[in-house]
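Please read the structure below before turning to the comments.
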Amino acid sequence: MFIDADLHIHSRYSKAVSKLMTFPVLAANAKLKGLGIVGTGDILNPRWEEELLKYGQKVDEGTYEIKGIKFLLTAEVEDNKRVHHLLLFPNIEAVKEMRERLERYSNDINSEGRPHLTINAAEIADLANEVGALIGPSHAFTPWTALYKEYNSVKEAYGNYKIHFLELGLSADSYMADKIKAHHKLTYLSNSDAHSPMPHRLGREFNRFEVEDATFEEIKKAILKRGGRKIILNAGLDPRLGKYHLTACSRCYTKYRLEDAKRLGWRCELCGGVIKKGVHDRILELADTDEKPKDRPPYLHLAPLAEIIAMILNKGVETKSVKSIWERLLKEFGSEIRVLVDAPIDAIAELIGGEIAKAIWAFRNEKLIVIPGGGGKYGEIKLPEEVKRAKLEDLENIEVRGEDVYYKPKQSSILSFLKKN
């Protein structure tokens with residue numbers, strides 16, 4: 001069987017997370033999205049564990065069901081260098097044992113969703129290995145709280161302790177990550193890290209597993225590439241839509257070329273804010289190969305359907321009008337992925353109008369204009385004027401080109417910009 005899973009989210013017990021992140025709401029929205037498995041997130045928090053046991057029915061070791069959605073026991077922790085690590089637990093006993101062991105290293109493990117620890121990456125991996133949990137770096141390339149913010153290799157961070165996967169994060173895909181040869185033996189996970197259950201957050205990145213059942217043990221075998229189980233697809237945002245894809249100011253979001261950021265001492269020339277190195281530039285610094293592992297599954301670039309609708313309506317993604325059209329499309333075609341990838345454009349146009357249908361066509365054919373994100377601001381999508389003006393039957397003749405937007409520092413007292421069209 002094939003099943004889509006988003007294994008990294010957060011609960012309402014983590015900071016800056018929606019109060020709607022409860023198990024009933026998550027289960028309902030996961031079903032609408034087309035997900036079959038969701039990671040609990042924050043399971044080391046005892047109150048979140050209590051809520052899972054209240055709403056969830058145990059169907060297998062490490063596997064609970066709520067409203068037809070399977071939940072696996074997952075958590076994220078922050079080490080003493082502010083690097084984040086994702087954990088997948090085999091059962092609730094392993095969760096309790098890990099919590100007990102970590103209590104001496106954390107002041108907030110019983111209150112915070114994502115606990116802060118006073119131990120390093122290798123020590124966390126050692127404990128995870130002992131309790132039988134799977135572990136890997138969360139959103140490995142982002143510049144604030146990730147592996148490659150602090151280290152230059154997986155080995156440097158974890159030493160000789162076993163890690164089982166690498167999470168790509170919203171600003172990278174498998175093509176980018178495979179430029180580092182040491183990753184070639186690792187399984188990649190593409191998860192949403194959702195702080196909200198809304199359709200443009202939950203499941204915006206997911207993994208398609210080929211397994212025999214929707215259980216922790218089967219997912220574990222797939223991650224470890226055992227018994228014929230495997231990940232057959234990683235799906236997620238076009239990396240350019242991630243918050244940290246390009247090097248940019250974290251205050252005003254002006255984008256810089258790497259050489260200019262270095263020359264300016266990582267201070268924005270326009271506002272004085274801190275310039276954060278983008279994932280794109282960080283990977284190029286570490287890249288040591290152009291080879292690709294033969295068993296790497298394909299990566300499907302997504303733009304959340306709600307964002308495509310919002311772009312056309314010129315409304316916020318969480319407004320009633322956007323959600324209403326999103327729900328009509330899902331009711332008609334079954335899931336968000338079917339709408340984005342498989343549903344006939346003519347049928348979409350007949351249901352909700354030609355403008356949104358043209359935007360979905362542009363997404364499928366990589367003809368949306370993408371304004372890359374950076375510095376903590378998500379990228380944006382725009383529909384080219386050529387597509388807006390075209391009739392549905394003439395779309396195949398449209399050609400769209402564009403360039404990235406950067407700020408070029410003053411030269412001879414003149415400001416110059418490279419614009420994306």
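- Scored by the side-chain hydrogen bond (donor to acceptor under 3.5 Å, both in side chains) test, T142 finds H139 as partners (sequence neighbours excluded).
- Taking the side chain to side chain contact (heavy atoms under 4.5 Å, CB included) definition, one finds that A5 meets it with L7, I37, F209, sequence neighbours left out.
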Test side chain to side chain contact (heavy atoms under 4.5 Å, CB included) on R201 and H195 and set out the steps. CA-CA 7 Å; R201 295 288 185 252; H195 288 210; over 6 Å; no

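- For the residue pair N191 / E205, no side-chain donor-acceptor distance below 3.5 Å is found, with atom types taken as modelled.
- Separating the CG atom in L147 from the NE2 atom in H84 is a distance of 12.5 Å, to the nearest 0.5 Å.
- Sorted by first and then second residue, the pairs that involve residues 126-144 and meet salt bridge (charged side-chain N to carboxylate O under 4.0 Å, His left out), not counting sequence neighbours, are R101-E130.
- At a threshold of 4.5 Å between non-hydrogen side-chain atoms, the residues F165 and L86 count as touching.
- Comment: E285 engages R282 in a salt bridge, judged by a side-chain N to carboxylate O separation of less than 4.0 angstrom.
- The two atoms that bring S174 and Y299 nearest to each other are OG-CB, 3.4 Å, heavy atoms only.
- No side-chain heavy atom of V83 sits under 4.5 Å from any side-chain heavy atom of Y148.
- F89 places a side-chain heavy atom less than 4.5 Å from the side chain of L44.
- The two residues L246 and K255 come nearest to each other via the heavy atoms CD1-CD, 3.6 Å.
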Give the intermediate values and the outcome of side chain to side chain contact (heavy atoms under 4.5 Å, CB included) for residues D6 and K33. CA-CA 11 Å; D6 180 359; K33 194 78 176 188; over 6 Å; no

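- In this structure, N91 contributes its side chain and A94 its backbone to a donor-acceptor pair below 3.5 Å.
- Using a 4.5 Å heavy-atom cutoff, the side chains of V211 and K221 are not in contact.
- By the side chain to side chain contact (heavy atoms under 4.5 Å, CB included) test, R82 pairs with E78, T145, K149, sequence neighbours left out.
- Side chain of K31 to backbone of K67: a donor-acceptor contact under 3.5 angstrom is found.
- Within the 4.5 Å cutoff, side-chain heavy atoms of L383 are placed close to those of L368.
- Donor-acceptor pairing under 3.5 Å is lacking for the side chains of H116 and N107.
- Under a 3.5 Å cut-off, the side chain of D213 and the backbone N or O of T215 do not form any donor-acceptor pair.
- Classification of D288 and K179 as a salt-bridged pair fails, no side-chain N sitting under 4.0 Å from a carboxylate O.
- For the pair K96 and E49, the salt-bridge criterion is met [side-chain N within less than 4.0 Å of a carboxylate O].
- Side-chain atoms of N365 come within 3.5 Å of backbone N or O of W361 as a donor-acceptor pair.
- When all heavy atoms are compared, the tightest approach of H8 to S192 is O-OG, 3.5 Å.
- Every residue was checked against the side-chain hydrogen bond (donor to acceptor under 3.5 Å, both in side chains) condition with Y161, not counting sequence neighbours, and none meets it.
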For residues 16-26, dump all side-chain donor-acceptor pairs below 3.5 Å to protein atoms at least two apart in sequence or in another chain.
{"unit_1": "S18", "atom_1": "OG", "unit_2": "L20", "atom_2": "N", "d": "3.0"}

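- Taking the side chain as every heavy atom from C-beta outward, R208 and I231 never approach each other to under 4.5 Å.
- Between the side chain of K277 and the backbone N or O of P143 there is no donor-acceptor pair closer than 3.5 Å.
- Shortest non-hydrogen contact noted between I124 and D79 is CD1-CB, 3.5 Å.
- Using a 4.5 Å cut-off on side-chain heavy atoms (C-beta onward), P297 and N234 make contact.
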Side chains of residues 308-329: which donor-acceptor partners sit under 3.5 Å, not counting sequence neighbours?
{"unit_1": "T319", "atom_1": "OG1", "unit_2": "G316", "atom_2": "O", "d": "2.7"}
{"unit_1": "W326", "atom_1": "NE1", "unit_2": "E336", "atom_2": "OE1", "d": "2.9"}
{"unit_1": "R328", "atom_1": "NH2", "unit_2": "L351", "atom_2": "O", "d": "2.7"}

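- The ring pair (Phe, Tyr, Trp, His ring centres under 6.0 Å) check on Y151 picks up nothing, with sequence neighbours excluded.
- Inter-residue side-chain proximity for E50 and K54 is flagged as unmet; no heavy-atom pair is nearer than 4.5 Å.
- A donor-acceptor pair is defined here as one N or O able to donate and one able to accept, closer than 3.5 Å; such a pair exists between the side chain of K358 and the backbone of K388.
- No donor-acceptor pair closer than 3.5 Å links the side chain of E112 to the backbone N or O of I109.
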As a quick check of understanding, evaluate salt bridge (Lys or Arg N to Asp or Glu O under 4.0 Å) for D260 and R257, giving each step before the final call. CA-CA 5 Å; D260 291 327; R257 297 192 184 277; 5.5 Å; no

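- Residues G136 and Y158 share a closest heavy-atom pair of C-OH, 3.7 Å.
- For the 3.5 Å distance criterion, the side chains of S106 and D108 qualify, holding a donor opposite an acceptor.
- Judged purely by atom type and a 3.5 angstrom limit, R114 has no side-chain atom pairing as donor or acceptor with the backbone of S14.
- Residues forming a side-chain hydrogen bond (donor to acceptor under 3.5 Å, both in side chains) with R229 (at least two apart in sequence, or on another chain): E212, E218.
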I'd like to know whether D281 forms a side-chain hydrogen bond (donor to acceptor under 3.5 Å, both in side chains) with T247, so could you lay out the CA-CA distance, the side-chain angles of the two residues, the decisive distance to 0.1 Å, and finally the verdict. CA-CA 7 Å; D281 287 327; T247 297; 2.6 Å; yes

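- Judged purely by distance below 3.5 Å, without hydrogens or angles, the side chains of S190 and N207 pair a donor atom with an acceptor atom.
- Within the 3.5 Å criterion, the main-chain N or O of P304 finds no donor-acceptor partner in the side chain of R204.
- In this structure, the side chain to side chain contact (heavy atoms under 4.5 Å, CB included) partners of E291, at least two apart in sequence or on a different chain, are K181, H184, T289.
- Residues satisfying the side chain to side chain contact (heavy atoms under 4.5 Å, CB included) criterion with K220, sequence neighbours excluded, are L134, F216, E217, L224.
- The heavy-atom pair separating A27 from I66 by the smallest distance is CB-O, 3.4 Å.
- Residue pairs meeting the salt bridge (charged side-chain N to carboxylate O under 4.0 Å, His left out) criterion with at least one partner in residues 37-46, sequence neighbours excluded, do not occur; the list is empty.
- T118 places no side-chain N or O within 3.5 Å of a backbone atom of N80 that could act as its donor or acceptor partner.
- Using modelled atom types, one finds a donor on one side chain and an acceptor on the other under 3.5 Å when comparing H10 with D193.
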